[in-house]
Amino acid sequence: MCYHIKQTTALDILAEKMGLNEPKGNYQDLFEPESHINGYSFSWVPILTNENPRQMKLGKWWLMPSWEKEWNNKLRNTLNTRVEKIEEHRSICYKYQENHATLLVDGFYEWQHVASVNKKGKKEITKERHLIIMPKGDPFHLACLYADWFFPEIEAIIKTVSVLTRPANTLMAHIHNSKKRMPVILDNENANNWLSGHLEVNDFIEMDDYFESLPLDALKR
DNA sequence: CCAGACGTTGTT
DNA sequence: GTCTGG
DNA sequence: CCAGACGTTGTT
DNA sequence: GTCTGG
């Protein structure tokens, strides 16, 4: 799973670092860099879509299916989408073959379950938070699907995204040891492949070597 | 033909 | 919107 | 994960 | 105790 991210980079710096255009319009005021963004806060987050892969946009992290008329975050959880399930289920993003996006992050958080014994000799499970980053803390991509959705609150069509998840690689299985999942982490090259349609959702089920070889660092914090 | 589903799994 | 199950 | 709820109403 | 909602 992946519900918690870090994105502390101002949008202009982020654009410069990644060779992107800054978001257009007034929406850029909606994004606040935060060291910890909880998916359940339904935040605006910096994203890219296949419509124009060099144009950074702000989207809502919580895919809202196009047939929903009102904001609805109760019927189903759309923060994540499991890559193995997308074909076997009717999907919330029925345009999953077309609507590729990425979420730009500095890192994401996972909690490791650690067995311990308390003072009374009782077994407990404590949770240690880990920040997962790329070398030098450089920003990277999480693969997403998006849906266009008319947001009544601002009377505009917005992008809503769901982060793809897959079985954990060795490092992530060690940290996220309860569910053993990981988000689909994309380096710049694979982000381009994803946004240009050279990668499909199903490819992320495979590609074990790529996911094993990611130069990730996990920091306790 | 209509009704119902459509998703995931978690902290400070 | 689109598919599935009855 | 934690906080909060935890119920019923009615025909062929 | 167990489920639901966020």
Side-chain angles (χ1 to χ4, degrees), chain A residues 1-8 32-45 49 51 59-101 103 105-116 118 122-133 142-153 157-169 172-185 201-202 204-205 218-221:
Chain A
M1 104 301 299
C2 177
Y3 286 179
H4 304 270
I5 59 168
K6 170 180 161 129
Q7 184 44 280
T8 47
E32 277 296 320
E34 299 273 7
S35 61
H36 182 178
I37 297 172
N38 180 343
Y40 275 118
S41 60
F42 315 118
S43 306
W44 292 94
V45 286
T49 73
E51 289 176 341
K60 278 260 172 192
W61 185 12
W62 182 276
L63 190 147
M64 195 58 79
S66 53
W67 61 88
E68 296 282 359
K69 295 283 180 275
E70 302 292 328
W71 181 263
N72 181 345
N73 52 252
K74 290 170 190 166
L75 245 55
R76 59 188 76 81
N77 176 344
T78 66
L79 289 174
N80 292 170
T81 297
R82 298 167 70 101
V83 295
E84 315 94 300
K85 298 281 183 188
I86 191 127
E87 285 198 326
E88 98 183 42
H89 290 304
R90 284 182 294 276
S91 173
I92 45 167
C93 187
Y94 63 94
K95 293 186 173 172
Y96 68 90
Q97 293 174 47
E98 303 159 37
N99 292 2
H100 294 188
L103 170 57
V105 301
D106 290 338
F108 62 92
Y109 296 99
E110 290 294 358
W111 279 259
Q112 184 174 36
H113 290 207
V114 181
S116 60
N118 68 13
K122 276 194 170 179
K123 285 181 186 170
E124 282 186 334
I125 292 194
T126 55
K127 282 141 201 163
E128 284 194 352
R129 190 172 78 167
H130 294 252
L131 171 65
I132 291 84
I133 57 169
L142 301 180
C144 295
L145 296 172
Y146 77 88
D148 285 317
W149 190 69
F150 180 78
F151 191 16
E153 202 173 295
I157 291 170
I158 63 168
K159 305 287 180 198
T160 66
V161 302
S162 179
V163 172
L164 294 175
T165 66
R166 72 182 304 284
N169 67 7
M172 289 309 302
H174 179 64
I175 293 164
H176 187 22
N177 52 356
S178 54
K179 304 292 181 195
K180 300 197 160 103
R181 306 285 301 170
M182 71 185 289
V184 174
I185 298 164
V201 174
N202 283 341
F204 298 135
I205 305 172
L219 312 172
K220 283 189 192 179
R221 56 173 64 172

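By convention in this document, chain letters (A, B, ...) are assigned in the order of the sequence lines, proteins followed by strands, and residues within each chain are numbered from 1.
- In this structure, the CZ atom of Arg76(A) is 16 Å from the C1' atom of dT9(B), given to the nearest Å.
- Spacing between dG5(E) and dG7(D) at atom P, rounded to whole Å, works out to 13 Å.
- When distances are taken from the side chain of Thr165(A) to each of dG1(C), dT9(B), dC1(D), the shortest belongs to dT9(B).
- Between the OH atom of Tyr109(A) and the P atom of dC1(D) there is a distance of 19 Å, rounded to whole Å.
- Rounded to a whole Å, the CG atom of Asn72(A) is 13 Å from the C1' atom of dA5(B).
- Rounded to a whole angstrom, the distance from the P atom of dT4(E) to that of dC6(B) is 14 Å.
- Ring centroid separation for the pair His36(A) and Tyr109(A) comes in under the 6.0 Å cut-off.
- In this entry the distance linking CD of Gln97(A) with C1' of dT2(C) reads 13 Å, nearest Å.
- Nucleotides dC2(D) and dT12(B), compared at atom C1', are 12 Å apart to the nearest Å.
- With hydrogens and angles disregarded, a donor-acceptor distance shorter than 3.5 Å links the side chain of Arg181(A) to the backbone of Thr165(A).
- Following rounding to the nearest Å, Phe150(A) (CZ) and dG1(C) (P) show an atom-to-atom distance of 15 Å.
- In summary, the aromatic rings of His176(A) and Trp111(A) are positioned with their centroids too far apart to meet the 6.0 Å limit.
- When the nucleotides dT8(B), dG7(B), dC1(D) are ranked by their closest atom to the side chain of Tyr3(A), dT8(B) comes out on top.
- When Val161(A), Val45(A), Asn77(A) are each tested for a side-chain contact (heavy atoms from CB on, under 4.5 Å) with Trp62(A), only one passes: Asn77(A).
- If you measure from atom CG of Leu63(A) to atom P of dG1(C), you get 16 Å, rounded to the nearest angstrom.
- The distance from atom CG of Asn99(A) to atom P of dC6(B) is 20 Å, rounded to the nearest whole Å.
- Contact annotation: Arg181(A) does not reach the phosphate of dT8(B) (side-chain N/O to OP1 or OP2, under 4.0 Å).
- Nearest to the side-chain atoms of Lys127(A) among the listed nucleotides dT12(B), dC1(D), dG7(B) stands dC1(D).
- The nearest heavy atom of DNA chain B to Thr78(A) and to Lys179(A) marks one nucleotide each, and the one closer to the 5' end goes with Thr78(A).
- Among dT8(B), dC1(D), dT12(B), the nucleotide with an atom closest to any side-chain atom of His36(A) is dT12(B).
- For the pair Leu79(A) CG and dG5(E) P, the computed distance is 16 Å after rounding to whole Å.
- Between dT9(D) and dG1(E), the distance separating the two C1' atoms is 27 Å to the nearest Å.
- In this structure, Arg166(A) forms no cation-pi arrangement with Phe204(A), as its terminal cationic atom is not both closer than 6.0 Å to the ring centre and no more than 45° off the ring axis.
- Between Lys85(A) and dT8(B) there is no side-chain N or O to OP1 or OP2 distance below 4.0 Å.
- The Asn80(A) side chain lies nearest to dT9(B) when the options are dT9(B), dC6(B), dG1(C).
- Residue ring and nucleobase are stacked for Trp67(A) and dC6(B), with a centre distance beneath 5.5 angstrom and an angle between planes beneath 30°.
- Both His176(A) and Asn77(A) sit near DNA chain B, but only Asn77(A) has its closest nucleotide nearer the 5' end.
- Nucleotide dC3(C) forms a Watson-Crick or G-U wobble pair with dG4(B), both donor-acceptor distances falling under 3.5 Å.
- The main-chain N or O of Thr8(A) is found under 3.5 Å from a side-chain atom of Asp106(A) such that the two form a donor-acceptor pair.
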